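Report on the structure given below.
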Amino acid sequence: VVVSNINFGLNREAKEQSLQIAEAGIYFYKWYLAHQVSGMTTKQVRQFWDSGVAYGVDDVYEDDFEGIGTYSIKVEPPQDSSTIIEVESTGWTNKNINLKRTIKVRFRQPSWSEYVVLSDSDIEFKSGTDIIGAVHSNKGIRFDGVAHNIVSSSVPSYDDPSHGGPDEYGVHTHVSPAENELFVNGTPVPNRSDVFLAGREFPVPVKDFDSVLIDLADMKSEAGCANIGSYCSGDSEGAIVSANGIYFNGDKHGRHIVLKADGTMEVSRVLNMSSNEIKTESAPVTYPIPDEGVIFVEDDVWVEGIIDNKRITIVSANLTPGNATNMYIKRDIVYTNYNGDDAIGLVSQGNIDTLGDSENDLRIDGAMLATTGKVGRIHTGGDYKDNITIYGAIVTRLGYGFSFDDGTGYANINLIYDNNLLYSPPPYFPTGTNYTIDSWEEL
C-alpha cells in the first residue's frame, strides 16, 4: 500500500510537471512569434509562413525546459485569408518520458475587421441606429441608438463637438435621461441597459491607424504594379492582370466596377461626373473577379453588384502624396453566401461615401476601411432615404455618418457584424502583427 501510494504521488507530480512543460512550450511559441513578425506588414507575415523556416510547421520543434523535461511543438499555419494558427505542445519530464500531456492552442492576429465600427475620431450614432457588434473609437462616442455589444472608447472624457457645454464620459448618451452633466459632477457611470445592452468600456487602448498606410503599397504591388510613387501603364484599358489580382491605373475620373454572380465584373472608365454621380462612362470591359485577390484602382471607384463564392478586396488609392482618392456606393453590394465563402473588402485612401441618389433601401455586405477619410453619406440636402443595412464592418479615420441633423440621409441605420470576419478577413485586409491566444484545450 505504501509503495502504491508513493507511485501514485510520483505519477501525479510528473503529470502536473508535464502539463506545465507543455504550457511553457506554448508561451515560448508566443514569444517566438512576437519576435519574428512584430512590425511586419500583412504581406510580410504571409511570406514568413510560406518561407518554410517557421518553427514547428514542417518539422516538429523540440527544446529542453530548464533541464527537467522537454516540449515538442507542432504548428498548423494559417490558411488563405485566415489569421488563425493552431499550435500543439506536448510536454514530458526526463524522469518519466512516457507520461506526456498535450495542449492545443489557437492563436490569431487581431484584424481591422473585428469591430462593426472602429473609428479614430469623435463619433456620433444618432437615434434610429441599431448596431449588432462591438464598437470602438480612439476618441469619444455619443451613442443615441441601441447597441447590442460592447461600446468602448480610448478616452475617459471628451468635449462632444455636437454641442456646447462641459466634458462628458468617453462613451455617453443623450437618450433621456441625458448624461451631459454627469461626468463633471463626478457621478459614477450609470448602467444604461436601455442603450448599451452589453455595457460600455472606457478608457481602453488605442488602435494604431498609421500602420494601415503601409498595407496600401502592398495591395498595389500584389495587384500587379510595384511602382509605389507612380502609375503603371497597363494594357489599352490601363489594366494589369496578375496572379494575385488586377491593377487599374488612373484615367479620367476613375472606374465604375459592377460585380456579377457569374464570377466576372464589368469595368468602365468614368468620363464625366457631377456631384460625384456618373454622367457618362466608356463601354464596359469584362474581367474575371480574382478569387482571394485584390482589385487596385489608382483613382476614384464606383462599385456595386453581387458575388458568389468569391473573396476579394477592392482598393481605391493614389500613393502619390496629396492625391487621396474616394470610393462611392449607389446601389447594393451583396453576397450570395453568408457562411464565409463570400467576402468583400472595400478600402479607400480617402472617403467611402453613399451617394445622394442611392437606393432607398440600400444594403452593403463587406468590410469597409477609410484609411485617411470617413465612411458615411454625402450630404446633398433634401435627400430622404428609408433604410441602410451594412452587414460586415466599418473602419473609419475621420468619423462616420449616414444621417444628418436636418433629417436627411437614412431614417433607419442597421449595422450588423459579420462574424466570419473575425477569423477570415477579406484578402490582404490589414491585421495586427501580434498573435494572441484565442482558445486553449488539453488533448
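Source: prediction; values computed, not measured.
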Under-4.0 Å salt bridge between D308 and K260: no

Shortest non-hydrogen contact from E114 to Q109? OE2-O, 4.2 Å

Derivation and outcome, salt bridge (Lys or Arg N to Asp or Glu O under 4.0 Å), residues D405 and K126: CA-CA 9 Å; D405 291 335; K126 295 183 179 296; 2.5 Å; yes

Quick check against the 3.5 Å criterion: does D332 have a side-chain atom that pairs as donor or acceptor with the backbone of V334? no

Between D291 and K310, is there a side-chain N and carboxylate O pair less than 4.0 Å apart? no

Between D120 and N138, do the side chains contain a donor N or O and an acceptor N or O under 3.5 Å apart? yes

N191 and S193: side-chain donor and acceptor closer than 3.5 Å? no

Over 60° means perpendicular and under 30° means parallel, so classify the ring planes of F125 and F143, tilted if in between. tilted

If I compare all heavy atoms of E281 with all of S268, which pair ends up nearest, and what's the gap? OE1-CB, 3.2 Å

Decide yes or no for I73 and V60: does some side-chain heavy atom of the first lie under 4.5 Å from some side-chain heavy atom of the second? no

Using a distance-only test with no angle check, is there a side-chain donor-acceptor pair under 3.5 angstrom linking S127 and H174? no

Sole candidate of E266, E304, K330 that passes side-chain hydrogen bond (donor to acceptor under 3.5 Å, both in side chains) when paired with H256: E304

Side chains of T280 and N272, donor plus acceptor under 3.5 Å: yes

A side-chain contact here means heavy atoms from C-beta on lying under 4.5 Å apart; do D342 and D365 qualify? no

For S154 against P205, the heavy-atom pair lying closest together: OG-O, 3.2 Å

Does NZ or CZ of R377 fall inside the cone over F404's six-membered ring, less than 6.0 Å from its centre and within 45° of the axis? no

Measure from NZ or CZ of R106 to the centre of the six-membered ring of Y423 and say whether it is under 6.0 Å with the direction within 45° of the ring axis. yes

Run the salt-bridge test on K385 and D383 with the 4.0 Å N-O cut-off and return the result as yes or no. no

Assert yes or no for the condition that the ring centre distance of H172 to Y158 is strictly below 6.0 Å. yes

Please tell me whether N249 and R255 have a donor and an acceptor in their side chains that are separated by less than 3.5 angstrom. yes

Relative to each other, are the rings of F248 and Y287 parallel, tilted or perpendicular (30° and 60° limits)? perpendicular

Any side-chain to backbone donor/acceptor pair from N351 onto K374? Under 3.5 Å, distance only. yes

Check the orientation of W49 and Y435. Use parallel for under 30°, tilted for 30 to 60°, and perpendicular for over 60°. perpendicular

For residues N339 and N337, is any side-chain donor paired with an opposing acceptor at under 3.5 Å? no

Do the rings of Y29 and Y32 sit parallel, tilted or perpendicular, given the 30° and 60° boundaries? tilted

Any side-chain donor paired with an acceptor under 3.5 Å for Y328 and D353? no

